[in-house]
Amino acid sequence: MRVLGIETSCDETAVAVVEDGRTILSNLISSQVDLHRRFGGVVPEVAARAHVEVLNPLMEQALAEAGASFGGLDGVAATVGPGLVGALQVGLAAGKAASLATGAPFIGVNHLEGHIFANFLEHGPPEPPYVCLVVSGGHTMLIHMPEEHRYEILGQTVDDAAGEAFDKVARLLGLGFPGGPAVDELARKGNPDAVRFPRAMASSGDLDFSMSGLKTAVLRHVRGEQAAGRAINPADLAASFQEAIVDVQVSKTIRAARDRGVERVLLGGGVVANTRLRERMRDEVGAAGLRVLFPSLELCTDNAAMIACAGTSRLLLGERTPLDVGADPNLRLAS
Ligand code: KG4
Ligand code: ZN
């Protein structure tokens with residue numbers, strides 16, 4: 001089953017062709033990072049316009065690279081939400097048009113489900129149940145998944161998402177945009193124990209997260225050191241900040257899996273590209289007697305292969321999305 005995936009929820013225009021929900025025949029991403037860099041963040045209107053400009057040629061290229069054609073598609077999957085409404089509408093409209101023109105069934109995909117299903121590309125899904133940690137620029141969420149496509153939210157951030165915290169601290173350290181990869185790289189040269197930042201809600205008893213206290217603590221530390229005339233060590237600061245985030249994510253993920261008696265942990269979202277998070281999850285979730293899966297690096301951040309993968313699974317269950325569906329910037333994971 002050959003499915004075209006389209007993802008335009010934020011600042012990456014992405015198109016992929018995936019066979020049987022596993023084999024990636026093509027997976028193209030046109031990044032808008034250079035367009036948004038001078039604004040220090042993603043500008044929604046600029047994002048939507050850029051998607052319009054590149055989406056059609058990108059679809060042609062993805063089909064050509066896959067050795068496929070519009071006529072040979074067995075399904076079309078596009079992200080419906082959550083995300084930036086104007087950006088979402090561009091990909092959604094293209095997906096509906098492709099479906100209408102070819103007769104291939106259309107399926108709308110939740111972006112968060114896409115991040116979770118990125119784990120199933122290449123190897124297929126292991127037996128559920130799972131506990132999933134989704135950490136991206138917009139979300140930080142622990143989810144219990146008793147079976148595929150059933151979701152129970154166990155906890156989430158009460159303020160900023162983890163990726164947002166990475167981006168803001170990167171800005172504070174003058175590392176530019178996007179911040180996550182820059183902090184990750186700098187932190188490799190730093191000492192994670194140099195500054196003891198707060199582990200927000202680490203012992204709150206629930207499975208929620210909070211990032212704003214940590215962000216403020218980093219800011220206060222920088223100002224305090226400057227006021228005292230001491231030079232800050234950016235690498236130590238990056239490593240210490242990152243360690244505080246990773247600490248809480250690792251411990252809460254293990255707690256969630258134990259609470260639910262679940263052995264398999266799935267990680268998804270852009271922040272899962274973080275070197276330290278991957279390293280510590282592998283070691284500590286493994287040491288807790290659990291199995292952890294995460295997508296390969298390039299499948300953690302936004303891509304369309306994950307959308308095609310989740311869409312294929314739903315199409316195989318006989319689901320279809322009516323073509324009058326609208327983009328939903330606040331779409332939730334439905335159980
Ligand atoms: O999933 P994603 O590509 O887009 C959203 O759905 O939001 O995640 C993007 C987020 C950004 O905040 C980016 O800074 C962060 O993921 N990110 C990272 C790393 N790579 C991307 N954060 C920490 N370490 C990384 N290596
Ligand atoms: Zn994402």
Side-chain angles (χ1 to χ4, degrees), residues 5-14 16 27 29-33 36-37 40-42 44 47 78-84 87-88 91 109-119 132-141 143 156-157 160-173 175-188 190 192 209 211 214-215 238-239 241-250 266-281 294-307 309-310 329-331 333:
I6 301 170
E7 153 63 39
T8 62
S9 67
C10 191
D11 61 340
E12 319 276 13
T13 318
N27 188 24
I29 298 172
S30 168
S31 176
Q32 304 176 3
V33 162
H36 298 288
R37 184 168 284 127
V42 177
T79 306
V80 179
L84 303 170
L88 286 164
V109 174
N110 183 308
H111 182 80
L112 302 177
E113 177 165 83
H115 275 307
I116 294 170
F117 271 69
N119 284 287
C132 315
L133 174 72
V134 177
V135 267
S136 68
H139 294 85
T140 298
M141 219 177 229
I143 300 154
Q156 54 193 317
T157 180
D160 287 352
E164 232 174 319
F166 269 97
D167 293 336
K168 287 179 180 167
V169 166
R171 199 178 308 168
L172 181 71
L173 295 176
L175 299 177
F177 169 84
V183 171
D184 187 346
E185 202 185 323
L186 186 62
R188 277 179 229 160
F209 300 86
M211 309 291 155
L214 173 58
K215 221 176 47 195
F241 154 77
Q242 181 177 271
E243 201 69 4
I245 289 213
V246 172
D247 250 2
V248 182
Q249 290 187 353
V250 171
L266 308 180
L267 309 180
V271 181
V272 179
N274 185 266
T275 316
R276 187 69 175 149
L277 180 69
R278 294 168 86 87
E279 197 176 270
R280 288 198 47 197
M281 284 284 187
F294 35 76
S296 52
L297 267 187
E298 62 280 9
L299 295 173
C300 290
T301 40
D302 290 349
N303 65 86
M306 69 185 197
I307 302 302
C309 176
N330 302 311
L331 186 66
L333 273 174

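Remember, it's 1-based here, ligands and their atoms both numbered in the order they're listed. Every value quoted in this text rests on a predicted model; they were computed, and no experiment measured them.
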For ligand 1, which atoms have a heavy atom of [X] less than 4.0 angstrom away?
X      : answer
Gly138 : 7 (O)
Gly270 : 1 (O), 2 (P), 8 (O), 16 (O), 17 (N), 18 (C), 19 (C), 20 (N), 21 (C)
Gly163 : 12 (O)
His111 : 6 (O)
Ser136 : 1 (O), 5 (C), 6 (O), 7 (O), 8 (O)
Asp167 : 11 (C), 12 (O), 13 (C), 14 (O)
Gly137 : 5 (C), 7 (O), 8 (O), 9 (C), 10 (C), 12 (O)

Looking at ligand 1, is there an atom of it that comes within less than 4.0 Å of some heavy atom belonging to His115? yes
Check whether any side-chain heavy atom of [X] lies under 4.5 Å from a side-chain heavy atom of [Y], and answer yes or no.
X      : Y      : value
Thr79  : Leu88  : yes
Leu133 : Phe209 : yes
Leu333 : Glu113 : yes
Gln249 : Arg280 : no
Phe166 : Ile245 : yes

The Zn ion (ligand 2) contact by Cys10, N, O or S atom under 2.8 Å: no
Are any N, O or S atoms from His115 nearer to the Zn ion (ligand 2) than 2.8 Å? yes
The Zn ion (ligand 2) -> Asp302, closest N, O or S atom is OD1
Does any N or O of ligand 1 fall below 3.5 Å from an N or O anywhere on [X], backbone included?
X      : answer
Gly180 : yes
Asp184 : yes
Thr275 : no

Please report which non-hydrogen protein atom sits nearest to atom 24 (N) of ligand 1, along with the residue it belongs to and the distance in Å to one decimal place. Asn274 ND2, 3.0 Å
Atom 3 (O) of ligand 1 has as its nearest protein heavy atom Asp302 N, 3.0 Å
Take Gln242 and Val169, measure what side chain to side chain contact (heavy atoms under 4.5 Å, CB included) needs, and give me the verdict at the end. CA-CA 10 Å; Gln242 181 177 271; Val169 166; over 6 Å; no
Examine distances only and state if a side-chain atom of Asp11 and a backbone atom of Ser31 form a donor-acceptor pair shorter than 3.5 Å. no
Donor-acceptor pair, Arg278 side chain versus Val272 backbone, under 3.5 Å? yes
Proximity of Thr301 to ligand 1 by residue part, where a heavy atom lies under 4.0 Å: both
Ligand 1 versus Glu12: contacting region, heavy-atom distance under 4.0 Å: neither
Residues, nucleotides or ligands: over 12 heavy atoms within 6.0 Å of Glu185 CD: no
Quick one about Ser9 and Glu7 (side-chain donor to acceptor, distance below 3.5 Å, no hydrogens or angles considered), yes or no? yes
Might you work through the salt bridge (Lys or Arg N to Asp or Glu O under 4.0 Å) test for Arg188 and Asp184, ending with a clear yes or no? CA-CA 7 Å; Arg188 277 179 229 160; Asp184 187 346; 3.4 Å; yes
